[in-house]
Number of protein chains: 2
Amino acid sequence: MTTISDVAKKAKVSTATVSRVLNNSDKVRPATRDRVGEIIKELNFVPNVNALGLQRKKTKTIGLIFPDASAYYFAEIIQGINRHLSQNDHQILISSAHDEEEEIKTINGFVKGGRIDGLIMMMPSASDYKGLMIPLINNKIPVVLIACEIDAPRATTLLLDNYNSAKEMVHHLSDLGHKRIAFIHGGKHNYDAKERYRGYVDGRKEFQLEEREELEVVGNFTEASGYQSTITLMQRNPRPTAIFAANDAMAIGAIEAARVLKLSVPLDLAIVGFDDISSAAYTDPGLTTVHVPLRRLGHLAAESILKNLNMDPSERTTEKIIIPLQQVIRKSCGSKQESV
Amino acid sequence: MTTISDVAKKAKVSTATVSRVLNNSDKVRPATRDRVGEIIKELNFVPNVNALGLQRKKTKTIGLIFPDASAYYFAEIIQGINRHLSQNDHQILISSAHDEEEEIKTINGFVKGGRIDGLIMMMPSASDYKGLMIPLINNKIPVVLIACEIDAPRATTLLLDNYNSAKEMVHHLSDLGHKRIAFIHGGKHNYDAKERYRGYVDGRKEFQLEEREELEVVGNFTEASGYQSTITLMQRNPRPTAIFAANDAMAIGAIEAARVLKLSVPLDLAIVGFDDISSAAYTDPGLTTVHVPLRRLGHLAAESILKNLNMDPSERTTEKIIIPLQQVIRKSCGSKQESV
DNA sequence: TTTATAAATGTAAACGGTTACATTATAATA
DNA sequence: TATTATAATGTAACCGTTTACATTTATAAA
């Protein structure tokens with residue numbers, strides 16, 4: 001490993017001078033600047049990050065915590081984050097949560113160990129406010145929470161407008177004449193799932209639709225659970241005329257179930273989802289859903305982190321950004337006009 | 001930030017002793033060990049990673065390079081890697097490649113800057129052997145290549161048996177009576193795509209099927225390209241009786257195209273894919289494909305890295321692991337018996 | 001109790017950078 | 001040319017750990 005003193009020696013200057021040209025700060029005589037620069041290139045010298053971190057107390061890396069499940073969802077967000085962050089010379093350190101307790105330990109280690117300069121958390125089922133936030137607040141690291149419902153002073157929280165979009169979807173279905181709309185839940189503790197459900201419930205109320213308990217069934221965001229849930233729902237009496245699945249994967253399972261049950265979608269049964277994953281446009285019939293701009297979400301997260309990085313902790317504000325979502329009307333709801 | 005000397009002071013010992021109990025090495029008197037331990041807990045002390053890294057020349061982090069595209073694919077692999085690595089107290093630093101040149105710079109920075117202890121690369125379209133490997137070899141960091149065709153001495157290369165599985169798929173289609181099987185290419189420079197194509201071509205030859213150029217069309221792994229490619233293919237004369245798409249997303253697009261063209265799948269047109277993504281079981285008809293064990297791939301990568309981490313560079317061997325793939329027969333090929 | 005030996009602890013120099021301050025070289029002025 | 005003022009460079013301390021080596025303390029043997 002070549003160090004700064006190797007460079008210094010070869011250039012016959014002190015390490016201080018090399019450091020100066022490295023940070024192209026101060027006034028270094030052009031002649032020496034060039035000479036040292038040459039040698040840096042020649043030796044292919046890269047400063048040691050640990051030494052830098054130790055000195056500067058900055059690591060140029062952002063921690064990223066995300067749940068173990070729903071790989072697709074988070075992969076897109078990560079790409080969004082990464083693109084923006086890497087352009088700004090920052091790296092991403094990832095850690096995937098199994099359970100909340102373990103996650104708190106990880107965060108604590110990251111922050112107190114000086115491993116990261118900022119933190120982005122996607123923990124849709126987080127609950128332990130104190131365990132999660134206290135170390136962060138104490139350590140004055142900027143934080144972005146994605147789809148996370150804990151109260152976080154001086155942090156940026158990025159939320160999808162699940163509630164209104166879900167309600168809007170119920171509205172749409174109601175407009176098409178449906179009175180009995182079923183709902184397939186996502187994960188029990190999942191923030192998005194809960195908000196979507198809340199929108200469904202309030203929509204039901206608002207448009208005076210049936211509100212029986214038999215219209216709800218619990219899934220877990222997978223195609224298989226959507227399939228199974230639909231089979232269950234259609235055995236009930238009376239049957240729903242429409243199914244609102246908390247995400248597209250379950251909606252895809254629901255469509256398959258309808259096929260097996262020889263029900264026509266949307267004639268016998270309307271089915272709608274949430275997320276607008278890439279294959280939603282290619283189901284039969286095309287899936288009516290709500291588009292979630294995942295990359296944009298990632299981009300916003302990165303932007304916020306970067307903005308807060310150089311800010312004095314006391315200047316940071318508590319921000320809550322609610323991202324409006326776009327309904328995508330395809331055929332599976334029975335609507336005539338198709339959006340997009 | 002609490003440091004080791006804060007602990008030392010409070011415990012009235014030297015930093016050396018604190019360091020000793022931290023690494024529970026050497027012989028520390030049980031009494032002092034306990035006392036110091038107490039204080040460490042009390043102060044919630046976590047050693048500074050940069051100081052550790054500087055001293056030990058180990059960062060407990062593994063670099064992970066992956067392409068900008070195909071988020072789904074890589075997300076699963078990352079989960080596989082992460083699960084294994086985090087259990088072994090290692091972190092993942094990710095970087096997403098835009099182009100090869102930039103990537104080489106990143107790798108160089110990671111390695112020479114002492115940021116990582118090992119590297120896992122997923123660059124299916126990598127070509128520049130020297131630029132990529134030389135710095136790694138020089139720096140004696142263990143390397144795992146996933147689906148990457150460059151020659152890498154002392155590295156572990158993880159490959160899918162794309163070739164044989166693709167050939168087997170052609171075999172299967174041939175058995176079902178197809179003579180004119182079309183192929184939708186994936187990315188032009190993508191390793192997996194090329195291998196799958198190679199298997200297709202050799203299968204065609206082996207089973208004496210038609211070998212006309214009009215049976216091939218170039219896609220880019222997206223549903224949209226699969227759709228478009230199928231439209232193109234079905235305008236040609238004579239039409240193929242089966243389509244082999246280089247991945248499932250394109251196969252899904254192909255199924256949709258068939259629907260639009262009012263062709264029955266599999267009666268008028270058999271369609272098969274590759275990957276076995278989660279929704280492949282829920283298309284109509286269910287998609288015949290090849291299962292790719294992504295998490296397992298990630299697990300193997302992590303395992304190899306960990307194994308090589310503590311090895312003397314001179315002892316590392318050049319390994320090439322070819323992972324056999326399992327065919328998944330569903331309805332879209334027209335087969336009677338269903339596997340899985 | 002003294003002495004030899006082993007165990008526990010402390011001291012200080014690394015690791016590879018940055019930077020306040022001291023020093024030296026250069027340019028400007030008289 | 002001598003004297004300043006200023007620009008360029010060097011010196012050494014520091015960031016927070018680890019660890020070889022030195023020193024102290026405890027234990028065992030005489």
Side-chain angles (χ1 to χ4, degrees), chain A residues 1-40 43-61 89 109-117 139, chain B residues 1-40 43-61 89 109-117 139:
Chain A
M1 164 172 278
T2 56
T3 74
I4 201 173
S5 21
D6 295 334
V7 177
K9 210 169 294 171
K10 189 147 191 180
K12 295 190 208 299
V13 293
S14 72
T15 61
T17 300
V18 178
S19 176
R20 284 186 193 107
V21 346
L22 241 21
N23 301 286
N24 58 311
S25 71
D26 264 330
K27 285 108 201 305
V28 181
R29 186 147 34 126
T32 49
R33 170 194 306 280
D34 292 350
R35 184 158 43 92
V36 173
E38 287 286 296
I39 295 184
I40 287 172
L43 264 46
N44 192 6
F45 168 74
V46 177
N48 180 289
V49 288
N50 290 310
L52 282 177
L54 190 56
Q55 249 297 330
R56 298 187 175 158
K57 296 173 186 318
K58 289 280 174 207
T59 58
K60 298 240 177 198
T61 106
D89 189 27
F110 277 12
V111 175
K112 305 217 71 173
R115 204 187 268 275
I116 57 176
D117 297 346
N139 285 277
Chain B
M1 160 171 279
T2 56
T3 73
I4 202 174
S5 22
D6 296 333
V7 177
K9 210 170 294 168
K10 190 148 191 183
K12 297 189 205 303
V13 293
S14 72
T15 61
T17 299
V18 178
S19 176
R20 285 187 192 107
V21 347
L22 242 21
N23 301 286
N24 58 312
S25 70
D26 264 329
K27 284 110 200 304
V28 181
R29 185 148 33 125
T32 49
R33 169 194 304 281
D34 292 350
R35 183 157 44 92
V36 173
E38 287 286 297
I39 295 183
I40 287 172
L43 262 47
N44 192 6
F45 167 74
V46 177
N48 180 288
V49 289
N50 289 311
L52 281 178
L54 190 54
Q55 251 297 331
R56 299 188 175 159
K57 296 175 185 318
K58 288 282 174 207
T59 58
K60 298 238 176 199
T61 106
D89 189 28
F110 277 12
V111 176
K112 305 215 69 171
R115 205 187 266 277
I116 58 177
D117 297 344
N139 284 276

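What you see below is based on every heavy atom in this structure, not just the backbone, and it leaves out hydrogens, waters and symmetry mates.
For B/Ile4 and D/dC15, the CD1 to P distance is 14 Å, given to the nearest whole Å. For the pair A/Arg115 CZ and D/dG16 P, the interatomic distance rounds to 17 Å; values are reported in whole Å. Atom C1' of nucleotide D/dT17 and atom CD1 of B/Ile40 are separated by 13 Å, given to the nearest angstrom. Rounded to an integer number of Å, the gap from CE of A/Met1 to C1' of C/dG17 is 11 Å. Put simply, CG on B/Leu54 is 14 Å from P on C/dA14, counting in whole angstrom units. Rounded to whole Å, the distance from CG on A/Asn48 to P on D/dG16 is 16 Å. Rounding to whole angstrom units, NZ of residue B/Lys9 and P of D/dT17 are separated by 13 Å. Protein atom CG of B/Leu52 is 7 Å distant from nucleotide atom P of D/dT17, rounded to whole Å.
The side chain of B/Thr3 contributes no N or O atom lying less than 4.0 Å from OP1 or OP2 of D/dG16. Within the 4.0 Å cut-off from OP1 or OP2 of D/dG10, at least one side-chain nitrogen or oxygen of A/Thr17 is found. Here B/Lys57 reaches the OP1 or OP2 of C/dG16: one of its side-chain N or O atoms lies under 4.0 Å away. Look at A/Arg20 and you won't find any side-chain N or O under 4.0 angstrom from OP1 or OP2 of C/dT19. The side chain of B/Arg56 contributes an N or O atom lying less than 4.0 Å from OP1 or OP2 of D/dT18. Between A/Thr32 and the phosphate of D/dA8, there is no side-chain N or O to OP1/OP2 separation shorter than 4.0 Å. Phosphate contact (OP1/OP2 of D/dT18, side-chain N/O of B/Ser19, threshold under 4.0 Å): present.
To the nearest 0.5 Å, atom CD1 of residue B/Ile40 and atom CZ of residue B/Arg33 are 10.5 Å apart. Of the inter-residue distances, the one linking A/Thr61 atom OG1 with A/Ile116 atom CD1 reads 6.5 Å to the nearest 0.5 angstrom. Put simply, CG on A/Leu43 and NZ on A/Lys10 are 5.5 Å apart, with the number rounded to the nearest 0.5 Å.
Among the nucleotides D/dT17, C/dG16, D/dA12, the one closest to the side chain of A/Gln55 is C/dG16. In this structure, the nucleotide among C/dT18, D/dG10, C/dA12 sitting nearest to the side chain of A/Leu22 is C/dT18.
The shortest non-hydrogen separation linking B/Asn50 to A/Leu54 is CB-N, 3.7 Å.
Inter-residue side-chain proximity for B/Ile4 and B/Leu22 is flagged as met; some heavy-atom pair is nearer than 4.5 Å. In this structure the side chain of B/Val7 never reaches within 4.5 angstrom of the side chain of B/Thr2, judged on heavy atoms.
If B/Val13 and A/Ser5 are placed on DNA chain C by their nearest nucleotide, the residue sitting closer to the 5' end is B/Val13. A residue-by-residue look at A/Lys12 and B/Asn50 shows that A/Lys12 has its nearest nucleotide of DNA chain D further toward the 5' end.
Among the heavy atoms of the strands, none lies under 4.0 Å from A/Val18. At a threshold of 4.0 angstrom between heavy atoms, the contacts of A/Asn23 are confined to the sugar-phosphate backbone, with no base atom among them.
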